[in-house]
There are 4 protein chains.
Amino acid sequence: MSGNNKRPTDSRLAEARREQVLDAAAHCFRRHGYHGASMAEIAGAAAMSPGHIYHYFESKDAIIEAIVAKDVEELFSTMRDLQDESGELLDAIIDGLHTTVDQTLDTERGALLLEMIAEAARNPKVAALLRSADALTRQGVRELLTGPRGMLSQCATDELDGRMEVINAIFSGLLIRALLNPALKREAVIAALRQVLRVALSPT
Amino acid sequence: MSGNNKRPTDSRLAEARREQVLDAAAHCFRRHGYHGASMAEIAGAAAMSPGHIYHYFESKDAIIEAIVAKDVEELFSTMRDLQDESGELLDAIIDGLHTTVDQTLDTERGALLLEMIAEAARNPKVAALLRSADALTRQGVRELLTGPRGMLSQCATDELDGRMEVINAIFSGLLIRALLNPALKREAVIAALRQVLRVALSPT
Amino acid sequence: MSGNNKRPTDSRLAEARREQVLDAAAHCFRRHGYHGASMAEIAGAAAMSPGHIYHYFESKDAIIEAIVAKDVEELFSTMRDLQDESGELLDAIIDGLHTTVDQTLDTERGALLLEMIAEAARNPKVAALLRSADALTRQGVRELLTGPRGMLSQCATDELDGRMEVINAIFSGLLIRALLNPALKREAVIAALRQVLRVALSPT
Amino acid sequence: MSGNNKRPTDSRLAEARREQVLDAAAHCFRRHGYHGASMAEIAGAAAMSPGHIYHYFESKDAIIEAIVAKDVEELFSTMRDLQDESGELLDAIIDGLHTTVDQTLDTERGALLLEMIAEAARNPKVAALLRSADALTRQGVRELLTGPRGMLSQCATDELDGRMEVINAIFSGLLIRALLNPALKREAVIAALRQVLRVALSPT
DNA sequence: CATGAATGAGAATTCATTCAT
DNA sequence: TATGAATGAATTCTCATTCAT
C-alpha cells in the first residue's frame, strides 16, 4: 500500500512544495515588491535552499507568472460561481457587495495584484496573462449582463462597454484607495457603491 | 556685475538641471520601472554624468521622492484651479470630464503613477508622501462638495466619505483599466462616467 | 545457485553500468566540453540518476580520468598490434595510413582528445596520466623503429627522438587541422604524409 | 597643453587598462583554463575590481574573443613579415626554424592556443574567428609557395593543399608535444624538421 | 560644476555532490 | 542497487554610489 502510492505521494509532495514556494514568494512580493524580494529571501520563507527553488520554477519570472496564472484561475472560478447562481443579477451583486469589497480591500491580496500590474508594465508575459484574463472576464460579464438575469439586454454595445469599464475601474481603484487611505470606511464605501452600481447596472 | 548675478543665475541653472534629471528619471521609470531603470540610463537621458546626479539628489530613492512630491504639487494646483472657478461644481466636473479622462488614460502618466504606488509598498517615505497628499486632496474635495458650489452640504460625513472614495476609486481604477484593456473606448467611458458621477455628486 | 552467481553477475552488470557512464560522459564531453557537460546531462545520457553515478565514480574528475585511462589502454593495444605484425615497419605504416588518418580526423574522437589535453592544463592527475602514457608509447615506438623491422637502428638517440617527435606532432596536429579546416582533403593529406613519413622513417 | 591631451591620455589609459585585463585573463586561462579561471581571479590578476572589467568587456566570452583576435592579428603580422622578405622561401623558413620552434614550444603561449582551440569546440564565435584566420593564413602561404620565391608553382592544387596541411599540422602538433613531453629536445626536433620540411617544400 | 573610472556588495542562477528513502 | 530531492557554495554579471581629477 505504501509502495503503491509512493509515486502519487511524491508528486503530491512536489505539488505541495511548489505551492509552498508560490505562497512564500507571494508573501515576499507583497512586502518588498517583485524586485525588492530576493530569491534568497523567498527561499528562506519557503524553508528551502535557493538552489532548490529552481527544481520547481525555471526563473524568478516564472514564479510571478505562476502567481498571476493562479490568481486568474481564482478569478474565473469566482465568475463561474456568479454565472451559476439564479435570480436577478443586480440583486446578487448588491447582496454580495460586502464580501466583494472585503476581498478587494484585503490589503495583502491588493498589494500583490498591484505588484503584478506594475510588473506587467515591464514583463510582457505577465502583461499578456493579465490582459487575456481581463478580456475573458469582460466577455463573461457581458454575457451575464445581457442575458436573461441581467437588465442591460437592450443596451447598445458601446454603452454597455463604457459601463462595464467604469464598474471595473471602481473595483480596481479600490485596491489603490485601500493603499492610500488606510482609514477608509468600508460601510460608507459599500453604501455609496450600492447607489452607484444600481444606476450603472440598470437601463437608462 | 557678473559677480552679482552669479548666484541667482547659478541657482536658476541648478534648478533647471534638477528638473532635467527629474524629467529624465520620470521618462525612464515609466518605460522600465523604478528598479529597471539604472542611474546610468537616467544620466544618459538627462545628458549628464552618473556621478553628477548626486550633486542634485542624495540617492536614487530621493529622485522618486522628488517626482512624487512634484506630482503631488501638480495635483494641488489642479485642485486650487477647481476651487477658484465659479458656478455649480457638478457642471464644472462634467464639463471637464473629457480633459480629466484624457489625462487619466494617458498611459505614460498612468504608468508612472502606478510605479509610484508600487514603490510605496517598499519605500515608506514614498508611501507617506502619497498618503499625506491623498489626505490633503480629500480634505480639499470635501470642502468643495460641502461648500456653496457643491450639492452635498446636507450629506452625512460617512456618506460623503463613501461617495468620495468611490469617485476617487473610479479615476484611480481607470489607470489600471487603460493598462489592462488597450482597446478601451474613451467616449463610452465618459458617457458612463457622466451618468454615475451625476448620481454620486447629487443629494440622495 | 542464484546466490552463487550473484556476485559474478552483479559485478559484470556493474562493469557494464560503469562503461555506460563512461560512454555517456565521453559523448557529453565531446559535445559540450568537460565543464559544459553537467552531471545531470551525463546521467540522462547514461539512463541513470545523477546520484547513482557516484556509486561508480567518486567525482566528475574521476570520470574524465577513467576516460583518459581507457583511451590510453586502447592506444597501447593498437601499439601491441603494430608490434605483433611482421614485415617491414615502414610499409605497414604506409599501408595503414588510410585507417590511421581516418581515425585521427574523426572529429568526434579528436574533440575528446583535445578536451582531455585542455583538461590536463588544470587537472594534474589527467596531465600525469597523459604524460606517462605518452612516455610509454614513445618507448614502444622507439623499440619498434630500432628493432629488426625498423630502419633506424643506426640512428643516434637524439636524431631518433627528434624524428619521433615530428611524426607524433603530425598526427596530433591533424586533430587541430580537422577542427580548423573543415574542408580539409583527406586524400591530399595522405599523399603528402606518405612522402614525408618515408623520409622521416628512413636512414639519412 | 595638459588640457589638450587629456582625452587622448584618457583613452590611452583606457586602452592600457584593457590590455591589462587581456594579459591577466590570458595568464589565468593558461593556468586554469577558460572555465577554470573565474572573473574574480582575472580581476585580481588585473588589479581591478570584478565589476570594473565589465567596463571594458561585455562578458567573459568577449575576453577570450578579444584574446583570439589579438593572437590572430599577431599571426597576420608574422606572415606579412615573411612575405616582405626576399630570397628563396625554403631557405628563409629553414633559417628561421630556431625562432619558429622556440615560439611554438613556449608552453605559455601554446597552452593558451590549445585552450582557445578547445573553447572553439563550444563557442561558435571563437571557432569562426580561428577558422577565418586559418583560411586567410592558408591563402597567404599558398601565394608564397606558388610565387616566385616558392618552389611549388608547378604543384597541383590538391598536392599543394595536402603538403600545406601536413606542415601546418606539424607546427600545431608541436604545441601538444610540448605539453605531453616536457623533456622534448628542441635541437633534435629542429634537425628532424629541417629534413622533413625540405622534402615537403620541394617539387616532387 | 562636471566627469566617468572604479568599487564592491548583492543579485539570479548553476551544478557537483549528498543522503533519506 | 537506485532514486531524485535537497543543499549551498561558487559563478557571472549589475548597479548604486564614491571620488580623484
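Side-chain atoms are counted along with the backbone in the values below, which use heavy atoms only and exclude waters and symmetry mates. Since the structure is predicted, the reported quantities are computational estimates derived from the model, not experimental observations. Just so we're on the same page: letters track the sequence lines, and every chain starts at 1.
- Remark on DNA chain F: of its neighbouring residues C:Pro50 and B:Pro50, the 5'-side contact belongs to C:Pro50, judged by nearest-heavy-atom nucleotide.
- Under the salt bridge (charged side-chain N to carboxylate O under 4.0 Å, His left out) criterion, no residue pair touches residues 45-61 of chain C, with sequence neighbours excluded.
- Applying the 6.0 Å contact sphere to CZ of D:Arg131 captures more than 12 heavy atoms from other residues, nucleotides or ligands.
- Closest non-hydrogen pair, A:Met116 versus A:Leu130, comes out as O-CD1, 3.7 Å.
- Between A:Lys60 atom NZ and E:dA11 atom P there is a gap of 9 Å when expressed in whole angstrom units.
- Nearest-nucleotide positions on DNA chain E for A:Asp61 and B:Met48 put B:Met48 closer to the 5' end.
- Atom pair B:Leu13:CG and E:dA2:P shows a separation of 6 Å (rounding to whole Å applied).
- Contacts of C:His55 classified as side chain to side chain contact (heavy atoms under 4.5 Å, CB included), with partners at least two apart in sequence or in another chain: C:His52.
- Here A:Ser49 reaches the OP1 or OP2 of F:dT7: one of its side-chain N or O atoms lies under 4.0 Å away.
- Put simply, CZ on C:Arg12 is 17 Å from C1' on F:dT1, counting in whole angstrom units.
- Every stem involving DNA chain F, taken as at least 3 paired positions in a row under the Watson-Crick or G-U wobble test at 3.5 Å, is listed here: E:2-21 with F:2-21.
- In terms of the side chain to side chain donor-acceptor pair (under 3.5 Å) criterion, C:His27 has no residue partners (sequence neighbours excluded).
- Taking A:Ser38 as the reference, A:Ala40, A:Glu41 meet the side chain to side chain contact (heavy atoms under 4.5 Å, CB included) condition, with sequence neighbours excluded.
- Rounded to the nearest 0.5 Å, atoms CZ (C:Phe29) and CD1 (C:Ile42) are 4.0 Å apart.
- Between the CZ atom of A:Arg17 and the P atom of F:dG4 there is a distance of 17 Å, rounded to whole Å.
- In this structure D:Ala127 satisfies the side chain to side chain contact (heavy atoms under 4.5 Å, CB included) test together with D:Ala120, sequence neighbours excluded.
- Within residues 22-45 of chain A, the residues having any heavy atom closer than 4.0 Å to DNA chain E are, in order of number, A:Ala37, A:Ser38, A:Met39.
- Applying a 4.0 Å cut-off to non-hydrogen atoms, the residues of residues 51-59 of chain C that approach DNA chain E are C:Gly51, C:Tyr54, C:Ser59, listed by residue number.
- For A:Gln20, the side chain to side chain donor-acceptor pair (under 3.5 Å) criterion is met by A:Arg17, not counting sequence neighbours.
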Run the side-chain donor-acceptor check on residues 64-71 of chain C: report pairs under 3.5 Å with partners two or more places apart or on a different chain.
residue, atom, partner, partner atom, Å
C:Lys70, NZ, C:Glu19, OE1, 3.1
C:Lys70, NZ, C:Asp23, OD1, 3.4

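- Checked against side chain to side chain contact (heavy atoms under 4.5 Å, CB included), B:Ala111 has the following partners two or more places apart in sequence or in another chain: B:Arg30.
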